[in-house]
Protein chains: 2
Amino acid sequence: MAARVLTTPRKRPRQERSRDTVEALMIATARVLIEVGYDHASTNRIAETAGISIGSLYQYFPNKEALVAELCKRQGEKEFQILFDQMEQVAPLPLRRAIPELIRAIISAHRVEPKLHKVLMEQVPRVGALKNVRDLERRIGDLLRIQLEARRRQIRPRHLEHAVFILMHAVEAVTHAAVLDNPEYLDSDKLVEELSDLVMRYLVP
Amino acid sequence: MAARVLTTPRKRPRQERSRDTVEALMIATARVLIEVGYDHASTNRIAETAGISIGSLYQYFPNKEALVAELCKRQGEKEFQILFDQMEQVAPLPLRRAIPELIRAIISAHRVEPKLHKVLMEQVPRVGALKNVRDLERRIGDLLRIQLEARRRQIRPRHLEHAVFILMHAVEAVTHAAVLDNPEYLDSDKLVEELSDLVMRYLVP
DNA sequence: TGACGATATGAGCGAATGCTCATATTTTGT
DNA sequence: ACAAAATATGAGCATTCGCTCATATCGTCA
């Protein structure tokens, strides 16, 4: 096994058929990851699942990590979009109504293909995708910060940086744990209420 | 590669020299994991680092996952102990003094060999150690629940199960993120204060 | 239409890894 | 002192995996 360092695509698909190839590879990567996990997801297997030769795979991705990193990026983008849209929606609402809506959105974001989400989250540290995830975290933090700044006079915390850091990680972790390991918590609205309480009480004076 | 399923030790070391062998393997596993990461930590390499033969390794562990799972268990035990001790210490204190102390203890627990902690956390889903971690989570949850029950009349939340779930995951995630990715947040006491605020405000009526 | 770039193919090489097993050494119990 | 049990050894087998490269096919455009 040669040293694997690159995680960026090798070559850009220029014609439509090659774009199809790349799409098929992404879909196959997701399927194989869900089916057998990262360890047993060999590039040969992914290519076979995609119905594409192993050679073609290596035209566009230098290694397995790059495949997974790209998938991470796309999945993250989807989830970010859900959050972004909802942030716009709740901007005019008062805090006590905005917060539950946002939390619901975060749960929804985690529920986009939850099995894939889970595998990717588990493998993120191992592929070069950490940078992507950090970027995403930063962008989500920025969104949140903008919301908090707009409501600066109504909220208690002075150091927005700390507030963003704490709220973001706290809500993300609880949501993550609920969606992936305790889905029964999501049957009722209780968890949303409790999480909203946590956030509200931290924010209001 | 044969199918690897067992993650429990094969044989119990009965004599002292074999207990030494197992200890050496644990230490070597930790070292190699920190040095080269899970993927490049081969059993041959671990045995070599431990200064024992590969055959001996397989006398006590059926595969690499079992080695890492055992290490996870031990590390978790250490961290649990820190929490357990501090829980006893703060039991007689009023909430506003108990909470910051507990949070400090959690940070300390994360700081026991943080590099090892990080690698293990990343790899937990891949080894059979998930069960160990779940157990640990449950035991920590139990500790927390006992504390909350003892103070039942002073706190607001009625559903202790939800409260435990939320507080545990929230504090753990923020601590984890701070220790592993933003250690500068720990230079001052600011994060402890803010986290304490989060918890206090959620708990008090 | 023809020629060149883009894309696709897949057999197979080289390297690494997990793990066994036949053998040797040490400890224990009597 | 000696037999049996426990423990240790490491060469090497079987397998897998990542990846290349020589070759073939397709798309585009003058």
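Lettering of chains follows the sequences in order, A, B, ..., and the numbering in each one begins at 1.
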Which is it for A/Lys78 and A/Glu113 under the salt bridge (Lys or Arg N to Asp or Glu O under 4.0 Å) test, yes or no, and what are the steps along the way? CA-CA 11 Å; A/Lys78 273 191 207 168; A/Glu113 303 174 85; 3.1 Å; yes
A/Glu48 CD to D/dC19 P, in whole Å, measures 18 Å
Compare side-chain N and O positions of A/Ser53 against OP1 and OP2 of C/dG10 and report whether any pair is under 4.0 Å apart. no
Which nucleotide sits closest to the side chain of A/Ile54: C/dG18, C/dT20, C/dG10? C/dG10
So, is A/Lys64 near the phosphate of D/dG18, with a side-chain N or O under 4.0 Å from OP1 or OP2? yes
Would you say A/Ser18 places a side-chain N or O within less than 4.0 Å of OP1 or OP2 belonging to C/dT7? yes
Measure from CG on A/Leu25 to P on C/dT9 and round the result to the nearest Å. 10 Å
Tell me: CG of A/Leu67 to P of D/dC19, nearest whole Å? 10 Å
Using only modelled atom types and a 3.5 angstrom limit, is any donor from either the side chain of B/Asn44 or the base of C/dC19 paired with an acceptor on the other? yes
Among C/dG18, D/dA8, C/dT20, find the nucleotide with the atom closest to the side chain of B/Tyr60. D/dA8
Expressed as a whole number of angstroms, how long is the span from B/His40:NE2 to C/dG18:C1'? 16 Å
Does the gap between the ring centers of B/His169 and A/His176 come in under 6.0 Å? no
Establish, with yes or no, whether the OP1 or OP2 oxygen of D/dA8 is under 4.0 angstrom from a side-chain nitrogen or oxygen of B/Thr21. yes
Expressed in angstrom and rounded to an integer, what is the separation of A/Asn63 atom CG from D/dC17 atom P? 16 Å
Where does the angle between the aromatic ring planes of A/Tyr185 and B/Phe165 fall among parallel (under 30°), tilted (30 to 60°) and perpendicular (over 60°)? perpendicular
Contact class for B/Ile52 (heavy atom, under 4.0 Å): base, sugar-phosphate, or nothing? sugar-phosphate
B/Arg19 CZ - D/dA8 C1' separation (whole Å): 16 Å
How long is the line joining CD1 of A/Ile46 and C1' of D/dG18, in whole Å? 12 Å
Tested for side-chain contact (heavy atoms from CB on, under 4.5 Å) against A/Leu33, the lone hit among A/Leu67, A/Ile46, A/Val119 is A/Val119
Heavy atoms only, 4.0 Å cut-off, all strands: where does B/Ser56 land among base, sugar-phosphate and nothing? base
Using 0.5 Å steps for rounding, measure from the CD atom of B/Gln89 to the CG atom of B/Leu102. 10.5 Å
Between B/Phe61 (CZ) and C/dG18 (P), how many Å, whole number? 15 Å
